[in-house]
Amino acid sequence: MSNPRLEIRNISRRFDALTAADDVCLSLQQGQVTCLLGPSGCGKSTTLRIVAGVERQDSGQIFVDGALVCDGIRSLPPEQRNIGMMFQDFALFPHLSVWENVAFGLRGAKSARKTRAHELLERVDLAGYGAQMPHELSGGEQQRVALARAVAPRPKIMLLDEPFSGLDDRLRDGVRDEALKVLREDGAAVLMVTHDPAEAMKMSDEIALMRGGRIVQKGAPYTIYNSPADRDAASFFSNINVMTSKVKGSLAQTPFGEFFAPGHADGTILDIVIRPQYLRIDFDRAGQGPTPTDSMGQAARAKVQRARFLGQNSLVDFKLEQGDILTASVPSVFLPKAGTPFWLLAPRKHCYVFPRPA
Ligand code: ATP
């Protein structure tokens, strides 16, 4: 197999006592989009800046197409790395026209640079805007010019640091989709930083979830969402319900029956986690009669505490007979009165079992 387009090998960086990047490893193939995702201060930008060459690492190496770019001692300057960048404060040159902005990083004859600039403006849906000045464009249009400028020199790697966070919600989706299309067409490997899980899920082939300078989990959006590594990884993507459970004979005792908990000693306290949209409400039996048996496991009797309509879904808080309070998300208008009884089900495949964090 060919070398990855970008390989980050065991990168670490300390600032005094703080480890901003801790043994970070990532590999991106041509055309792949990977998101560094995590809360503020977890080391996303430091990692990106080291790849860009504007920050140095203490240890570890970066390779582009198999060639060493930096190893903490030797370091190729940023302008020789063939890496494009797009940041939130992308600042176009105000005294240059739109096409001149796009052509800024290009070498060669003016006519060839102009042709390439106009070709890119067409690709970002700004054909005919070349002669305008940046201040005559909307925020979203300026962002697209910045994208065209970043892509113009055909970089092997594109680094995006929250480039869409300055745009309002309405614009953001369109600009983001367009940017992704252009980047994928060009075949660059894209390493993007965001703290927004929805953006990471939409944009990337792979998500690398960071915490305290480390990558705690990486995988495709579906995998990382549905098989989180720990409770914090689960809660980073959505609200979660957590039930406390005690292990007895390799089984975790829960209001929904027993869950397999191999490898956990008797008496260990575990967290059983389920996302609100996966909690099932048995609408047919209205919490009456004997415990229904169901292929999804044992049902638990619960009473509605409160219900709220949020537009696309309703959130309903239930109090289980055993005392736990769980929230269910229902994709429609569902506003039962407080005190209404229901049977709830927690499908095993959507429940995650984690040791309780110390
Ligand atoms: P955000 O989403 O807020 O941008 P981040 O995940 O990108 O956060 P980094 O900017 O990489 O986080 O910072 C990681 C940690 O390293 C933070 O605690 C930050 O304060 C610290 N840090 C980053 N750069 C420096 C520096 N030049 N000097 C000292 N500390 C730094």
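Atoms within each ligand, like the ligands themselves, are counted from 1 in listed order. By convention here, the first residue in the shown sequence is residue 1.
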Can you find a non-hydrogen atom of G38 under 4.0 Å from ligand 1? no
Ring geometry between F104 and F93 (parallel below 30°, tilted from 30 to 60°, perpendicular above 60°): tilted
Where's the contact between P39 and ligand 1, heavy-atom distance under 4.0 Å: side chain, backbone, both or neither? backbone
Counting only heavy atoms not in R14, do more than 12 sit closer than 6.0 Å to its CZ atom? yes
Among all the protein's non-hydrogen atoms, which is closest to atom 31 (C) of ligand 1, and how far away is it? F15 CD1, 3.3 Å
Answer with side chain, backbone, both or neither: which part of D16 has a heavy atom less than 4.0 angstrom from an atom of ligand 1? neither
Ignoring hydrogens, tell whether any protein atom lies closer than 4.0 Å to atom 10 (O) of ligand 1; use the non-hydrogen atoms only. yes
A20 N/O under 3.5 Å from ligand 1 N/O: no
Do the charged groups of K202 and D173 touch, with an N to O distance under 4.0 Å? yes
Let me check something: do F63 and L26 share a hydrophobic cluster, defined by ILVMFWY side-chain heavy atoms less than 4.5 Å apart, either directly or through other members? no
T46-ligand 1 polar pair, N/O distance under 3.5 Å: yes
Sub-4.0 Å protein heavy atom next to atom 19 (C) of ligand 1: no
Ring of Y129, cation from R144 - is the NZ or CZ under 6.0 Å from the centre and inside 45° of the axis? no
Identify, by atom number and element, the atoms of ligand 1 in contact range of C42, meaning under 4.0 Å from any of its heavy atoms. 5 (P), 6 (O), 12 (O)
Indicate yes or no: does K248 engage D266 in a salt bridge with an N to O separation below 4.0 Å. no
Give the atom numbers and elements of ligand 1 that come within less than 4.0 Å of a heavy atom of S45. 4 (O), 5 (P), 7 (O), 10 (O), 11 (O)
For L18, counting its heavy atoms only, list the atoms of ligand 1 lying under 4.0 Å from any of them. 15 (C), 16 (O), 18 (O), 21 (C)
Check step by step if salt bridge (charged side-chain N to carboxylate O under 4.0 Å, His left out) holds for D125 and R123. CA-CA 5 Å; D125 235 3; R123 279 177 57 196; over 6 Å; no
